[in-house]
Amino acid sequence: ALARIAKGDASGGAQLESAAASDQGTAADLALINMHVTQGDYATALKNVDRLEVKLPKDPLVHLLRGRILRQKGDVDAARASLDKALEIEKNYFPALDELAGIDVTQGKFDQARKRYEDLLARSPKNQPAMLALAEVQRRAGAKPAVVDGLLVDAIKANPFDTAARFALIEHRLAQRQKKEALTAAQEAVAALPDEPILQEALSRAQLASGETQQAVATLRKAANAQGAHPETLIRVAQTYVGMRDYDSAADALDKALK
């Protein structure tokens with residue numbers, strides 16, 4: 001059914017509808033909800049969430065999905081109410097808390113968003129997604145760079161093998177033009193996670209910023225030739241090559257990204 005939908009065949013949706021109505025599982029329901037949201041048919045998507053709630057009466061996922069749809073629909077107050085219900089079921093349910101904080105930020109309520117993450121971290125001190133999210137809120141709120149840096153360092157300490165935290169620290173330090181510190185963070189990241197192309201690409205930029213051009217070229221080649229490199233990483237590689245005016249290598253990286 002999903003393959004038919006991807007090809008524009010409406011019968012795929014009918015098959016999913018039939019499966020969702022007759023099956024006690026949730027895969028077809030979730031696929032239907034996603035399909036209708038993608039099509040901008042929020043009313044039908046919400047009806048599908050109502051049916052999913054019958055199958056999952058005490059699952060915070062239902063209220064998360066409803067909240068996200070309502071937010072996309074533009075009904076922010078109703079979205080907040082639904083997301084609050086998700087947290088009533090599971091107090092530390094990060095996806096709902098994160099969605100609520102996202103609403104706070106879009107409304108300029110940075111203190112409220114920050115408090116959500118800080119309260120969660122008080123209950124769950126090693127919750128790394130909350131650490132990263134708090135760092136981002138602090139950055140957007142205009143906190144001092146050292147504050148953001150400290151939160152990212154804490155996130156790495158909580159899980160030294162998390163790619164996202166490592167990458168975020170490198171990006172933050174490069175943005176602050178802390179060349180030496182960015183290079184140190186990048187070197188430590190690649191030492192901890194040597195097979196992550198996105199960290200290799202970040203290391204190449206840190207090397208470039210520090211004037212280590214030859215090392216940067218070698219690192220960038222390694223990132224471009226890595227097995228299983230994500231297209232987004234390859235696009236970053238291409239952008240870095242463009243900055244070095246190596247347009248042939250940039251074109252090669254883009255070609256790999258498109259395959």
Side-chain angles (χ1 to χ4, degrees), residues 26 30 49 52-53 56-72 74-176 178 181-182 184-186 188-189 191-193 196 198-199 202:
T26 60
L30 293 171
V49 173
L52 180 63
E53 188 172 10
L56 303 173
K58 295 182 180 180
D59 195 319
L61 173 64
V62 173
H63 302 288
L64 171 68
L65 292 173
R66 186 178 287 118
R68 284 178 171 171
I69 295 167
L70 288 166
R71 185 182 178 188
Q72 286 186 249
D75 193 344
V76 177
D77 289 340
R80 281 188 180 277
S82 186
L83 294 165
D84 282 336
K85 286 182 180 179
L87 294 177
E88 287 173 9
I89 295 171
E90 189 175 325
K91 192 173 185 178
N92 290 351
Y93 188 54
F94 182 78
L97 187 147
D98 193 48
E99 193 78 21
L100 278 166
I103 295 173
D104 293 336
V105 168
T106 59
Q107 295 180 335
K109 300 176 181 178
F110 292 103
D111 287 344
Q112 190 166 308
R114 183 165 49 236
K115 188 175 187 306
R116 291 186 193 278
Y117 295 124
E118 288 174 343
D119 288 349
L120 175 56
L121 286 169
R123 297 190 299 269
S124 178
K126 292 187 179 294
N127 190 310
Q128 194 181 48
M131 291 181 185
L132 292 177
L134 178 57
E136 177 60 15
V137 167
Q138 292 280 48
R139 183 192 69 80
R140 293 184 64 177
K144 292 182 179 180
V147 172
V148 178
D149 195 285
L151 289 167
L152 294 173
V153 169
D154 287 345
I156 291 171
K157 288 178 180 177
N159 182 0
F161 302 104
D162 183 75
T163 302
R166 294 280 187 181
F167 184 76
L169 181 61
I170 300 166
E171 290 288 279
H172 171 68
R173 290 180 175 178
L174 284 173
Q176 297 303 315
Q178 297 173 329
E181 292 82 357
T184 298
E188 291 175 351
L193 296 157
E196 285 289 348
I198 194 169
L199 294 180

Quick one: [atom1] on [X] to [atom2] on [Y], what's the gap to the nearest 0.5 Å?
X      : Y      : atom1 : atom2 : answer
Asp75  : Ile69  : CG    : CD1   : 12.5 Å
Leu169 : Asp162 : CG    : CG    : 12.0 Å
Ile103 : Asp98  : CD1   : CG    : 10.5 Å

Side chains of Val76 and Thr106 in contact at under 4.5 Å (non-hydrogen atoms):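 Heavy-atom side-chain distance check fails, nothing below 4.5 Å.
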If you take all heavy atoms of [X] and [Y], which pair is closest and at what distance?
X      : Y      : result
Ser82  : Leu70  : CB-CD1, 4.5 Å
Val62  : Val49  : O-CG1, 3.6 Å
Leu97  : Leu87  : N-CD2, 4.0 Å
Ala86  : Tyr93  : CB-CD2, 4.3 Å
Leu199 : Phe167 : CD2-N, 3.8 Å
Ala133 : Phe94  : CB-CZ, 4.1 Å

Please identify each residue that fulfils side chain to side chain contact (heavy atoms under 4.5 Å, CB included) with [X], with sequence neighbours left out.
X      : value
Glu188 : Arg166, Thr184
Lys91  : Arg123
Glu118 : Arg114, Leu134
Ala113 : Ala101, Asp104, Val105, Val137

Could you note down all residue pairs passing salt bridge (charged side-chain N to carboxylate O under 4.0 Å, His left out) where residues 60-70 supplies at least one of them, sequence neighbours left out?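 Every pair satisfying salt bridge (charged side-chain N to carboxylate O under 4.0 Å, His left out) with a residue in residues 60-70: Asp50-Arg66, Glu53-Arg66, Arg68-Glu99.
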Any residue meeting side chain to side chain donor-acceptor pair (under 3.5 Å) with Glu181, in chain and number order, not counting sequence neighbours: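 Once residues adjacent in sequence are excluded, Glu181 has no partner under the side chain to side chain donor-acceptor pair (under 3.5 Å) criterion.
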Go through the structure and list residues passing side chain to side chain donor-acceptor pair (under 3.5 Å) with Asp59, not counting sequence neighbours.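 Asp59: no side chain to side chain donor-acceptor pair (under 3.5 Å) contacts found.
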Please list all pairs passing the side chain to side chain donor-acceptor pair (under 3.5 Å) test where one or both residues lie in residues 124-136, with sequence neighbours left out.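 Sorted pair list: Glu136-Arg139.
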Please list, one pair per line, the donor and acceptor atoms closer than 3.5 Å that link side chains of residues 145-161 to other protein atoms, with sequence neighbours excluded.
from, atom 1, to, atom 2, distance (Å)
Asp149, OD1, Arg173, NH2, 3.0
Asp149, OD2, Arg173, NE, 2.8
Asn159, OD1, Phe161, N, 3.1

Residue list, salt bridge (Lys or Arg N to Asp or Glu O under 4.0 Å) with Glu90, at least two apart or on another chain: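 In terms of salt bridge (Lys or Arg N to Asp or Glu O under 4.0 Å), with neighbours along the sequence ignored, Glu90 is linked to no residue.
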Of all residues at least two apart in sequence or in a different chain, which pass the salt bridge (Lys or Arg N to Asp or Glu O under 4.0 Å) check with Lys115?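 Scan of Lys115 (salt bridge (Lys or Arg N to Asp or Glu O under 4.0 Å), adjacent residues dropped) gives Asp119.
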